[in-house]
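The next block holds one structure in the form of structure tokens; read it before the comments.
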Amino acid sequence: FKPPGAKGYDLHQDFIGWPNFPESFVTAAVAIDPCGRDNGATEVFPGYHARGYLSPRDGDYHPVPAGVVADSEGEFLELEPGDVALFGCFVPHRSAPNRSSSWRRLLY
């Protein structure tokens with residue numbers, strides 16, 4: 001859930017470097033509300049998944065370090081209710097704050 005005024009999320013990958021953690025899962029995001037740049041749509045960075053995990057494999061959450069991906073290469077997942085976005089566990093992604101007056105809800 002991302003209500004109006006909610007903060008965004010740092011650039012990260014869904015994979016966490018736990019021992020024996022699967023390295024081949026997919027994140028599914030189902031839009032409940034319209035998702036656009038004004039309400040903090042998810043921004044993905046295609047192609048970087050091929051580099052694998054970009055953070056330490058110590059079992060802790062880590063944002064992707066600054067400078068690892070080019071900000072200009074991000075693509076926003078602008079979705080309508082019922083749309084589904086699928087991306088692998090190594091795809092770096094982030095979201096900006098919800099600057100709109102409407103909710104942005106996704107089912108993950």
Side-chain angles (χ1 to χ4, degrees):
F1 295 103
K2 190 180 269 192
K7 69 176 188 76
Y9 295 95
D10 291 331
L11 185 65
H12 68 281
Q13 295 168 294
D14 287 343
F15 178 83
I16 301 288
W18 294 316
N20 303 318
F21 197 72
E23 295 195 24
S24 59
F25 65 89
V26 173
T27 296
V30 181
I32 307 300
D33 300 310
C35 301
R37 294 179 191 210
D38 62 328
N39 66 0
T42 303
E43 182 182 13
V44 297
F45 291 81
Y48 287 95
H49 68 284
R51 297 184 187 179
Y53 191 50
L54 302 172
S55 297
R57 287 180 175 261
D58 59 7
D60 291 332
Y61 166 82
H62 296 280
V64 173
V68 172
V69 303
D71 284 342
S72 64
E73 295 178 359
E75 295 181 15
F76 289 92
L77 300 179
E78 298 188 72
L79 308 173
E80 293 299 323
D83 287 350
V84 178
L86 302 171
F87 52 93
C89 65
F90 292 129
V91 174
H93 58 285
R94 65 182 175 197
S95 66
N98 183 348
R99 295 186 175 93
S100 77
S101 60
S102 301
W103 280 74
R104 190 217 71 185
R105 296 174 296 171
L106 292 170
L107 174 63
Y108 282 96

- State which residues pass side-chain hydrogen bond (donor to acceptor under 3.5 Å, both in side chains) with E78; sequence neighbours excluded, sorted by chain then number. none
- Could you walk me through whether F45 and V64 pass the side chain to side chain contact (heavy atoms under 4.5 Å, CB included) test, one step at a time? CA-CA 11 Å; F45 291 81; V64 173; over 6 Å; no
- How close do S102 and N98 get, heavy atom to heavy atom, and via which atoms? O-ND2, 2.8 Å
- Counting only heavy atoms not in F1, do more than 12 fall under 6.0 Å of its CZ? no
- Task: Determine whether the aromatic ring centres of H12 and H93 lie less than 6.0 Å apart.
- Result: yes
- Message: For the OG1 atom of T27 and the CG atom of L86, what is their distance to the nearest 0.5 Å?
- Response: 9.0 Å
- How far apart are the closest heavy atoms of A70 and Y48, and which atoms are they? N-OH, 3.0 Å
- Task: Could you pull out all residues at least two apart from D38 that satisfy side-chain hydrogen bond (donor to acceptor under 3.5 Å, both in side chains)?
- Result: none
- State, to 0.1 Å, how close A41 and F76 come at their nearest heavy-atom pair, and which atoms those are. O-CD2, 4.0 Å
- Gap between atom CG of D58 and atom CD1 of I16 - 0.5 Å precision: 9.0 Å
- Shortest non-hydrogen contact between Q13 and L54, atoms and distance: OE1-N, 2.9 Å
- Message: Any heavy-atom pair between the side chains of E43 and D71 that's under 4.5 Å?
- Response: no
- Note on the structure: Looking only at heavy atoms, the pair that brings S95 and T42 closest together is CB-CA, 4.2 Å
- Item | Min side-chain heavy-atom separation R104-L79 under 4.5 Å | no
- Query: Hey, what do you get for CD (E80) to CG (D33), rounding to the nearest 0.5 Å?
  - Reply: 10.5 Å
- Is it the case that one hydrophobic cluster holds both V30 and V26, taking links as side-chain heavy atoms less than 4.5 Å apart, direct or via other members? yes
- Message: Set out, in order, the CA-CA distance, both residues' side-chain angles and the distance that settles side chain to side chain contact (heavy atoms under 4.5 Å, CB included) for R105 and N39, then state yes or no.
- Response: CA-CA 10 Å; R105 296 174 296 171; N39 66 0; over 6 Å; no
- Message: Quick one, S55 and P65 - any side-chain contact, counting heavy atoms below 4.5 Å?
- Response: yes
- Message: In this structure, would V84 and L106 fall into the same cluster of hydrophobic residues linked by side-chain contacts under 4.5 Å?
- Response: no
- Message: Ring-plane angle category for Y53 and F90, please: parallel below 30°, perpendicular beyond 60°, tilted otherwise.
- Response: tilted
- Query: Measuring from D14:CG to Y108:OH, what's the distance to the nearest 0.5 Å?
  - Reply: 8.0 Å
- Determine whether K2 and Y9 make a side-chain contact, defined as any pair of heavy atoms from C-beta on separated by less than 4.5 Å. yes
